[in-house]
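Please read these numbers as outputs of a predicted model, since none were measured by experiment.
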Amino acid sequence: MSEQEMKNSDNQLTGNLPAADGTETVPEKAGKKGKRYQGYDIDKTTKKRKSRKKPWFWKVLGISLLLTVLILASACGWLLHSNKKMTDHLSEINDANTMEALLKGHKNVTITCSYSHLTEEEDHTTTRLVKKTKSGEYYSYFKKEGTREGDYKEVIRNRKMYRYDEKYVRFYGLIRDDYERVCLEDIEGSVFQTSGEERIESENESDGLISIKAVCDVQDGDDYTSVYGFSAGEKIYKSITIDKESGIVLSETESCNDEEFYSYRVEFDGETKVPKFYQRLQKEENTRECTIFDDFGGDGEEEYTFDVPYDAYFVMLDHEDCTVYVDEDCERELTDYQIEIQNPEGEVKLYVKKNG
């Protein structure tokens, strides 16, 4: 018997049949798949057992923790965004609140401030009405009222300053940078500005307005200690109302120890007020010539000449580095007494000498 015949005989005995490509196949047993035994997978079996033993509440706990983290992250994100939004409103106040901004689109603006709990002054109220004249200069009418002796009314117009204290009308001879240093600073400084030290507690929006509650701490040497006498560390609570579109502060109040000591209010397009004393001066046809010799006798001597209405007493603003005299010999200083004995219809000359 040949070798091939012997192989075929063996195949018939074992039930192995040759495949078309010469390999052998193993027939499946009846009713069972022909899957070879692959051994016992310890890792796979162990994982299945562990999975079966893992309690269901651990899965729930894991999902709950994940949801909690997501909620906290969202809340923190919203809070940071909200705080940033409020801080932005507060930081933008100073840029948005200028006299030019307040007058934009309005014929005039009136700013009223009330003060109380002052250490060296009586409680009082100030009112400043400001408008732009045809020449582009400010017209400002200011009055201080509420004190027994410190009340006065003031008009600044065409770079001239008049003040009336119920006794005398005074015309101020403005020299050097007096107009910019005093007049403009007083007019533009009337507009509310933040200190930058405030911390926002809450913010609400309604009907185009933003209402902010803020707080700041009294510091040694600031106005709260020197002007009001509060102690360092005390808290100042502020309520601010802002026009949402323009960012203009319409009102603000400040309180300490549950007592309000300051308020600020803005009104637009009210009646233009011209005080009677100023109307009377404008009707005065007669004027007199008054002169100031600045740095008298010095290398930088300069002469200023003013046309002063009758019945107005001629004075100067204070200059810390100078002394003002009413005589050429510089022996008699300009005092309230010298102003009061002045002839309001005669020529006046003032001599300014630098100290030292």
4.5 Å side-chain heavy-atom contact, Thr126 and Tyr115: yes

Worksheet item: Would a line drawn from the ring center of Phe230 to the ring center of Phe261 be shorter than 6.0 Å?
Response: yes

* Go through Glu197 and Asp217 one step at a time and tell me if the side-chain contact (heavy atoms from CB on, under 4.5 Å) criterion holds. => CA-CA 8 Å; Glu197 302 296 328; Asp217 299 320; over 6 Å; no

Any salt bridge linking Lys167 with Glu149? Criterion: basic side-chain nitrogen under 4.0 Å from a carboxylate oxygen. no

Exercise for the section: Check whether the side chains of Glu137 and Tyr179 place a donor and an acceptor atom closer than 3.5 Å, and report yes or no. Expected result: yes

Residue pairs passing the side chain to side chain donor-acceptor pair (under 3.5 Å) test with at least one member in residues 258-271, sequence neighbours excluded, are His106-Asp269, His117-Glu259

For Glu100, the salt bridge (charged side-chain N to carboxylate O under 4.0 Å, His left out) test, sequence neighbours excluded, returns Lys132

Fill in: Stepwise side chain to side chain donor-acceptor pair (under 3.5 Å) check, Thr110 with Arg128
CA-CA 6 Å; Thr110 302; Arg128 186 183 293 276; over 6 Å; no

request  = Examine distances only and state if a side-chain atom of Asp177 and a backbone atom of Arg181 form a donor-acceptor pair shorter than 3.5 Å.
outcome  = no

For Gln279, does the CD atom have more than 12 heavy-atom neighbours from other residues, nucleotides or ligands under 6.0 Å away?
yes

ask   = Would a distance-only check, ignoring hydrogens and angles, find a side-chain to backbone donor-acceptor pair under 3.5 Å from Asn97 to Gly247?
value = yes

Review point. Does a donor on one side chain and an acceptor on the other come within less than 3.5 Å for Lys213 and Ser239?
Key: yes

### Common cluster, Ile240/Ile200, ILVMFWY with side-chain heavy-atom separation under 4.5 Å
yes

Self-check item: Glu347/Arg288 ion pair, N-O < 4.0 Å
Solution: no

All N/O donor-acceptor pairs, side-chain side in residues 313-326, below 3.5 Å, sequence neighbours left out:
unit_1	atom_1	unit_2	atom_2	d
His319	NE2	Asp178	OD1	3.1
His319	NE2	Asp178	OD2	3.2
Thr323	OG1	Asn355	OD1	2.7

Judged by modelled atom types alone, do Tyr152 and Glu145 share a side-chain donor-acceptor pair under 3.5 Å?
no

- Presence of salt bridge, Lys144 and Glu121, under 4.0 angstrom: yes

| request: Kindly assign one of parallel, tilted or perpendicular to the pair Phe306 and Phe171, based on the angle between their ring planes and the thresholds 30° and 60°. | output: perpendicular

Margin query: With side-chain contact (heavy atoms from CB on, under 4.5 Å) as the criterion, how do Val227 and Leu118 come out once you've worked through the C-alpha distance, each side chain's angles and the decisive distance to 0.1 Å?
Written below: CA-CA 6 Å; Val227 177; Leu118 300 167; 3.5 Å; yes

query = Are Phe293 and Val348 joined in one hydrophobic group, where the rule is that I, L, V, M, F, W and Y side chains link up if heavy atoms are under 4.5 Å apart?
reply = no

Side chain Glu234, main chain Ser231, donor-acceptor under 3.5 Å
yes

Within the 3.5 Å criterion, strictly below it, is a donor on Ser195 or Glu198 matched to an acceptor on the partner's side chain? yes

For Cys256 and Ile236, the nearest pair of non-hydrogen atoms, with its separation, is CB-CD1, 3.8 Å

Any donor-acceptor N or O pair under 3.5 Å, side chains Glu254, Tyr224: yes

Consider only side-chain heavy atoms of I, L, V, M, F, W and Y, link residues closer than 4.5 Å, and tell whether Val191 and Val266 are in one cluster.
yes

**Q.** Same cluster (ILVMFWY, side-chain, under 4.5 Å), Tyr168 and Tyr162
**A.** yes

| message | Can a side-chain donor-acceptor contact be found between Asn94 and Thr194 if the only test is distance below 3.5 angstrom? | response | yes

Kindly work out whether a path of hydrophobic side-chain contacts (I/L/V/M/F/W/Y, heavy atoms less than 4.5 Å apart) joins Phe192 to Leu209. yes

